[in-house]
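Read through the structure below, which is laid out as structure tokens, and then see the notes.
Side chains are part of it too, since the values below use all heavy atoms of this structure and drop only hydrogens, waters and symmetry mates. Sequence lines set the chain letters: A, B, ... in the order given, protein chains first and strands last, and positions in each chain run from 1.
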There are 2 protein chains.
Amino acid sequence: MTENLAKPDAARDDFDLANFLPFLLNQAAEESSLAFQHVYKNRYGMLRTEWRVLFHLGMYGRMTAKQIGVRAMIHKTKVSRAVQRLAERRFLTRTRDEADRRLEHLELTPAGEAAYRDLRGVARDYDARLARHFTSGEVALLRSMLRQLAGIR
Amino acid sequence: MTENLAKPDAARDDFDLANFLPFLLNQAAEESSLAFQHVYKNRYGMLRTEWRVLFHLGMYGRMTAKQIGVRAMIHKTKVSRAVQRLAERRFLTRTRDEADRRLEHLELTPAGEAAYRDLRGVARDYDARLARHFTSGEVALLRSMLRQLAGIR
DNA sequence: TATTGTTAGTTACAAAAACAACTACTACGA
DNA sequence: TCGTAGTAGTTGTTTTTGTAACTAACAATA
């Protein structure tokens, strides 16, 4: 092997991508979501936005697409398409508001509730499994820092 | 406003999506990447995978697409397309290895180096700005936990 | 030197996301 | 009550991804 090849073991400067917070956050988010993603995808054929919409309806009950979008910081286009797909699969019902006909109230069907409860259980276990690698104080700090970084507060 | 609407301020059960680690990680990753994303996108027309490839070449010097993929945990298809686009824009050169003609050595052009140095500076400032919200101990712990969650180690 | 397996990288096609334009409806002011 | 502006939600079009199949080159071996 010639010697003018790069030595990929030593960075050429002091910048370390692996310590760059946006990069680290993305890697951690992707990796730590994989198995959960696998569950909602294979068990219910759901996409990322779909389980998020399902969870919002499951946690807070009936609300409009707009409300979901604002709370979950999801663009209305994505909410609209997620709602369509969830409605097709009979996970939720849409009811036109007669007082303000622009609004559509969304509500989980029994099937939707069942899926929500199932996935909620999976999520609880999943979260606990991730947290188990750290002390409870560390996890509390992590959540608080992430909330701050996300601007959720 | 009618009173039989959902009260979205109180969850109906004890599960809190906003504390679910994969969700929190995703939100934090998305939000905290937005402004940086804006820079590499608008200043150099780059996509996520492209700046990552650029950074790997910038940090470690000449290497093959395969090596980048393994190091950065990026699928070869994505690397291939990112390399194509970076080559079109003259940010890198591709040299066929004459000893093993399957291999292609990638190397930043002066323009690529300049873009890397510029973005590296942006990344440094950006990281410092994010870190400033916390103590240095907190940030160190955060990075270490994220690395663990990402399986980077 | 065929044969089979493996590796590096590309390409084709389907799925999904992003962005913008659009419809239907409500609110408000002249 | 007409015009204008704003809101809720949908649809169409273009980019980007994801998946899998593909080509070209090397390696090992019979």
Side-chain angles (χ1 to χ4, degrees), chain A residues 1 5 8 26 29-30 33-34 37-38 40-42 44-53 56-57 62-89 92-107, chain B residues 1-2 5-6 8 26 29-30 33-34 37-38 40-42 44-53 56-57 62-89 92-107:
Chain A
M1 189 177 280
L5 285 178
N26 269 300
E30 266 174 42
S33 303
L34 273 182
Q37 184 177 23
H38 195 267
Y40 65 69
K41 188 173 172 186
N42 291 294
Y44 297 104
M46 286 185 193
L47 264 27
R48 218 170 78 94
T49 311
E50 287 161 34
W51 79 259
R52 290 224 243 167
V53 166
H56 272 267
L57 288 170
R62 159 182 157 119
M63 65 174 81
T64 67
K66 169 68 186 238
Q67 289 175 308
I68 295 175
V70 170
R71 291 180 142 267
M73 298 196 288
I74 304 175
H75 192 276
K76 60 181 181 174
T77 296
K78 289 171 83 169
V79 175
S80 174
R81 290 200 160 104
V83 165
Q84 282 179 58
R85 294 198 45 175
L86 289 169
E88 279 166 19
R89 289 151 195 252
L92 58 79
T93 57
R94 337 167 78 166
T95 317
R96 187 61 62 183
D97 184 319
E98 287 305 327
D100 183 345
R101 296 187 43 71
R102 288 171 302 182
L103 305 180
E104 208 171 42
H105 297 285
L106 307 173
E107 196 161 20
Chain B
M1 192 175 279
T2 65
L5 285 179
N26 269 300
E30 267 176 41
S33 304
L34 273 182
Q37 185 177 23
H38 195 268
Y40 64 68
K41 190 173 170 188
N42 289 294
Y44 296 104
M46 286 186 194
L47 264 26
R48 218 170 78 93
T49 311
E50 289 161 33
W51 79 259
R52 290 223 243 167
V53 166
H56 272 267
L57 288 171
R62 160 182 158 119
M63 66 174 81
T64 69
K66 169 70 187 241
Q67 288 175 309
I68 295 176
V70 170
R71 292 178 144 267
M73 300 195 288
I74 304 175
H75 192 275
K76 59 179 180 174
T77 296
K78 290 172 83 171
V79 176
S80 173
R81 286 202 270 246
V83 165
Q84 282 180 59
R85 294 197 46 174
L86 288 170
E88 281 167 16
R89 290 151 196 254
L92 58 79
T93 57
R94 336 166 80 166
T95 316
R96 187 63 63 182
D97 185 320
E98 287 305 326
D100 182 345
R101 297 189 42 74
R102 289 171 303 182
L103 306 180
E104 208 172 44
H105 298 285
L106 308 173
E107 194 161 20

Check every strand shown and say whether B/K66 touches a base, only sugar-phosphate, or nothing at a heavy-atom separation below 4.0 Å.
-> sugar-phosphate

Measure the distance from CD on B/E104 to C1' on D/dT23 and round it to the nearest whole Å.
-> 14 Å

Drop me the distance from A/I68's CD1 to A/I74's CD1, to the nearest 0.5 angstrom.
-> 8.0 Å

Starting from C1' on C/dA18, measure out to CD on B/Q37 and report it in whole angstrom.
-> 11 Å

Reckon A/R94 touches a base, only the sugar-phosphate, or nothing at all at heavy-atom distances under 4.0 Å?
-> sugar-phosphate

NA contact type, B/A82, heavy-atom cut-off 4.0 Å: base, sugar-phosphate, or nothing?
-> nothing

Test item: B/W51 and B/K41 side chains (from C-beta on) under 4.5 Å apart, heavy atoms = no

Could you tell me whether B/R48 contacts a base, only the sugar-phosphate backbone, or nothing, with contacts defined as non-hydrogen atoms closer than 4.0 Å?
-> nothing

All heavy atoms of B/S33 vs all of A/N26, minimum pair found to be OG-ND2, 3.2 Å

Provide, to the nearest angstrom, the distance between the NZ atom belonging to B/K41 and the C1' atom belonging to D/dT16.
-> 11 Å

In terms of side-chain heavy atoms of B/R102, which of D/dT10, C/dG9, C/dT6 is nearest?
-> C/dT6

Pick base, sugar-phosphate or nothing for A/T64, based on heavy-atom distances below 4.0 Å to the nucleic acid.
-> sugar-phosphate

Just by distance, do the side chain of B/R62 and the backbone of B/E107 share a donor-acceptor pair under 3.5 Å?
-> no

For the side chain of A/S80 and the base of D/dA8, is some donor closer than 3.5 Å to an acceptor across the two?
-> no

First locate atom OG1 of A/T64, then atom CZ of A/R102, and finally report the distance between them rounded to the nearest 0.5 Å.
-> 11.0 Å

Of all the choices, D/dT17, D/dT13, C/dT10, which nucleotide is nearest to the side chain of A/R81 once you look at every atom?
-> D/dT13

How long is the gap from CZ on A/R85 to CD on A/E50, to the nearest 0.5 Å?
-> 4.5 Å

Can you tell me the distance, in whole Å, between the CG atom of B/L92 and the P atom of C/dG9?
-> 13 Å

Side-chain N,O (A/Q84) to OP1/OP2 (D/dT11) below 4.0 Å | yes

If you pin A/R101 and B/L103 to their nearest nucleotides in DNA chain C, which one's is more 5'?
-> B/L103

Quick one: is A/K78 getting a side-chain N or O under 4.0 Å of the C/dA18 phosphate, OP1 or OP2?
-> yes

How many Å lie between NE2 on B/H75 and P on D/dA20, as a whole number?
-> 9 Å

Calculate the interatomic distance between A/Q67 atom CD and D/dG9 atom C1'; express it in whole Å.
-> 14 Å

Please state how far atom CG in A/D100 lies from atom P in C/dC28, giving the value in whole angstrom units.
-> 12 Å

Length of the line joining B/R52:CZ and D/dT17:C1', which is rounded to integer Å = 13 Å

base_contact_polar (C/dA17 base, A/T77 side chain, donor-acceptor, <3.5 Å) = no

Report the residue (A/R85 or A/E98) whose heavy-atom-nearest nucleotide on DNA chain C is the more 5′ of the two.
-> A/R85

